[in-house]
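Reading through the structure tokens given below for one structure.
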Amino acid sequence: MRSLILVVEDEAPIREMVRFAAERAGFAVAETGDAERALVEVADRRPDLVLVDWMLPSMSGVELARRLKNNDSTRSLPVIMLTARGEEDDRVRGLESGADDYITKPFSPRELIARIKAVLRRYRPHDDDAAVVCDDLSLDPVNHRVTAKDAVLDMGPTEFRLLHFFMTHPDRVYSRDQLLDQVWGQNVYVDERTVDVHIRRLRKALDVHGHDRYIQTVRGSGYRFSSKG
Ligand code: CA
């Protein structure tokens, strides 16, 4: 599953350089040149990390970072600031806005990717191969095994990927469209109803010890994985 990086930068050449480097490193990339638009993209696409340029036309990158960090639904979204400024004061101001890290232009693709990975690691201590556990439900990506109360659950590869995504992104609502992007991949053409079919199969597979209740339907929005409620 590829992490999605949202690049907020009004200078197209820099956006392209970032896109090129990030895609080569295996990330999915979305981009915009506008901070207001970035807030919409964050809500719609749920990126895993936002890269924000300090100097943007309508709203500054510092203001954007502050808004993301002051909002409950985006507080835990990692933000890296890009800036041409190297002054210590600006660095402090950038970090005070809540940004998690700071990269001074010009930067190399290698440095950029290293910083992105470091920040993502900080937020997500588990790597893609690590087993994910939620109460007595456990998923092992290496052996492709899901167990509930020590019973092995039988499920197809799509249900497995779906569950892996849910368990690593708990308590957040995802639309069918977002699930298609995250679990099926952006370039695959499948109908949104396909998501419902696999959700149904996943619930059935989890039904053995009542874990199907973890897959919650949020009316009008989509689905959420949660062990609460
Ligand atoms: Ca700029």
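Side-chain atoms are counted along with the backbone in the values below, which use heavy atoms only and exclude waters and symmetry mates. Remember, it's 1-based here, ligands and their atoms both numbered in the order they're listed.
A distance of 6.0 Å or more separates the ring centres of Phe166 and Tyr223. Proximity of the aromatic rings of His144 and Phe160 is defined here by a centroid distance below 6.0 angstrom, and this criterion is met.
Taking the Ca ion (ligand 1) as the corner point, the angle from Asp53 atom OD2 to Glu9 atom OE1 is about 80° (rounded to 10 degrees).
Remark: the backbone N or O of Arg172 is not paired with any side-chain donor or acceptor of Arg224 at under 3.5 angstrom. Judged by distance alone, the side chain of Thr217 and the main-chain N or O of Arg219 form no donor-acceptor pair under 3.5 Å.
The nearest N/O/S atom of Glu11 to the Ca ion (ligand 1) is OE2. If you look at Asp10 and ask which of its N, O or S atoms sits nearest the Ca ion (ligand 1), the answer is OD1.
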